[in-house]
Number of protein chains: 2
Amino acid sequence: MTIDEIIDQIYNIPESSKTALKENISEVAYPKNHILLKADKIEANIYFIKKGIVRAFAPQKEKDITFWFGEEGETILSMKSYVERKKGYENVELLEDCELYELKVAHLNNLYNQDIHIANWGRKLAEKELLKIESRVISSELLSAKERYDALMSNSPSLIQRVPLKYIASYLGITPVSLSRIRKEK
Amino acid sequence: MTIDEIIDQIYNIPESSKTALKENISEVAYPKNHILLKADKIEANIYFIKKGIVRAFAPQKEKDITFWFGEEGETILSMKSYVERKKGYENVELLEDCELYELKVAHLNNLYNQDIHIANWGRKLAEKELLKIESRVISSELLSAKERYDALMSNSPSLIQRVPLKYIASYLGITPVSLSRIRKEK
DNA sequence: GCTATTATTTATCATAGGATAATTTTGCTG
DNA sequence: CAGCAAAATTATCCTATGATAAATAATAGC
C-alpha cells in the first residue's frame, strides 16, 4: 500500500500539504517478532503499515491481552504516547516481516500547528480510530464469543490465515481452548 | 460547569477562536427521561453537559445495552453522525433534568475549515475520547465483573448515587441480578 | 529432513454469571 | 400518604467458558 493511498484514505488534503507531510515520513522494515512499540515507553513515532500484519497487546503477568490487529493501510500508534506523551498500555509486535512508514510525532505536532489541512487530517485520523473502537465495544457487549468470532471472520477473513489462533482467542476475550471448541462446533 | 471550562479542558485556544466557537453554542435544558439523541437518526448537534447526567445506550430488541455515562463537563455526540454523517448506534437519555450547551455540527465543521486552532481543538476532542474508550476496552478484557464494578465505583463514585443499578449492570456487561450478587458479597 | 519447541485440540471437571421467578424495596403520582 | 409500578434482591437451577492436563499437530532451527 502506498503512502499516498494511506494518507488519502484518512482525509483528502491539498498536494502541498501532502508533500509537507510526506517529507517527514520515511520507510523502515523490521522482521517478524520485532517489538515495534513498547508499553512503559513514550513512543516518539507513529507508523503506517505498507506491508505485513501486527498485533497490539497489553502485557500482563502470565497472560498478555491482544486487543488489536493491524493490517496493510492501518495506523500503529501508542495512543497514550501520541495524545498525552505518557507511557502507554501496549506493546506492538510484528506478526510477519513488515514494511512500515514512520512519522515522528514531534514533526507531526509541528505540522498540526502550521497547516490547517494537516490539523484536520489529524482530526480525522483520531475520529476514524474512535469509530472503529466504538463499534468494537458495542459488538463485544452485544455478542457471544461465538458470534464475535463469526463477525471477526467475516470482517477480516485473512486474519485467520495470518495470525496464530491464540492471539485471536485473546482478542475475542476467551481462552485458546474455548476458541478451539467454538471452531469445532461449526 | 461553564462553557469556558469545558472548552479549555479539551484544548487551550486563543480568545478570538474561543469567541468564534462560543458564538455557535447555545444553552438548552431538557427534563429527566428526555431522549436527546436517537439511533437511526443523523444528529445535527453535539452537546456538552453543564449540569446533569446521561446515558448512551444501543437499543436492542428486549435488552438495551448501556455503554456510556456522561456527567458534568463531558461531551455528548453520536460518533457516527459526527464523523460520517451516518445514523448512529446510540440513543442518549437524560437520567436527570439537564442543562446542556448545544453546538451545530455544520457550524463546527465550518470552523474546522477556517480556524486552525479550532481544528486542533477538534482533534484533541476526538483524541481524548479515544483514550477514554481505549482504557475501557483494556480494563474490560482484563478484569472480572466484580473488579470492573469496583473500578467504576472508585473512578466515578457519584454514579451509584445518580444512576439506577440496572443501567450500571448493563454498562458492566452483566445482568442486574448478577450485579446484586456482586454487591452483596462485599 | 530431524528434532525440539510451540500451537492446537481434546477431555474432564469447576465456576462465574445467565435465566427465571418470587419477594421485597423504592419511588412515583394522584 | 395510599396504592401502583418499577427496581432491586434473593433463591434455584442451568450453561458457557475457564482451568488443567494430556495428546496431537505444526513450525522453526539445526
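Every chain is numbered from 1, with letters handed out A, B, ... down the list of sequences.
- Regarding contacts with the backbone of D:dA16, every side-chain N or O of A:Arg181 stays at 4.0 angstrom or more from both OP1 and OP2.
- Proximity of B:Lys184 to the phosphate of D:dA11: a side-chain N or O atom is located under 4.0 Å from OP1 or OP2.
- When the P atom of D:dT17 is taken as reference, atom CD1 of B:Ile174 falls 17 Å away, rounded to whole Å.
- The nearest whole Å value for the distance from the CD1 atom in B:Ile168 to the C1' atom in D:dA8 is 12 Å.
- Close to C:dT15, at under 4.0 Å from its OP1 or OP2, lies no side-chain N or O of B:Lys146.
- The distance between atom CG of B:Leu179 and atom C1' of C:dG18, rounded to the nearest whole Å, is 14 Å.
- Residue A:Ser180 has a polar side-chain atom (N or O) positioned under 4.0 Å from OP1 or OP2 of C:dT9.
- A:Tyr167 places its OH atom 14 Å from the C1' atom of C:dT8, with the value rounded to the nearest Å.
- Put simply, B:Thr175 has a side-chain N or O that comes within less than 4.0 Å of OP1 or OP2 on C:dG18.
- Atoms CG (B:Asp97) and C1' (C:dC28) sit 14 Å apart, rounded to a whole Å.
- Counting only heavy atoms from C-beta on, B:Lys166 has its side chain closest to D:dA7 among D:dT17, D:dA7, C:dG17.
- Considering only the side chain of A:Pro164, C:dA7 comes nearest among D:dT17, C:dT10, C:dA7.
- Taking for each of A:Ser178 and B:Val177 the nucleotide of DNA chain D with the nearest heavy atom, the 5'-most of the two is the partner of B:Val177.
- A salt bridge is absent between A:Glu96 and A:Lys51; no separation between the charged side-chain nitrogens and carboxylate oxygens falls under 4.0 Å.
- Between B:Lys32 and B:Glu93, none of the side-chain N atoms (NZ, or NE/NH1/NH2) sits under 4.0 Å from a carboxylate O, so this pair counts as no salt bridge.
- Minimum atom distance to the side chain of B:Leu165 is reached by D:dA8, of the listed D:dT17, D:dA8, C:dA7.
- Side-chain N or O atoms of A:Asn155 include one that pairs as donor or acceptor with a backbone N or O of A:Ala151 at under 3.5 Å.
- Checked against a 6.0 Å centroid threshold, the rings of A:Phe69 and A:Tyr171 count as neighbours.
- In this structure, the CG atom of B:Leu172 is 15 Å from the C1' atom of C:dG18, given to the nearest Å.
- What separates CG of B:Leu95 from P of D:dA7 is a distance of 12 Å, to the nearest Å.
- Between A:Glu129 and A:Arg123 there is no salt bridge, since no side-chain nitrogen of the basic residue lies less than 4.0 Å from a carboxylate oxygen of the acidic one.
- For the pair B:Ile182 CD1 and D:dT9 P, the interatomic distance rounds to 12 Å; values are reported in whole Å.
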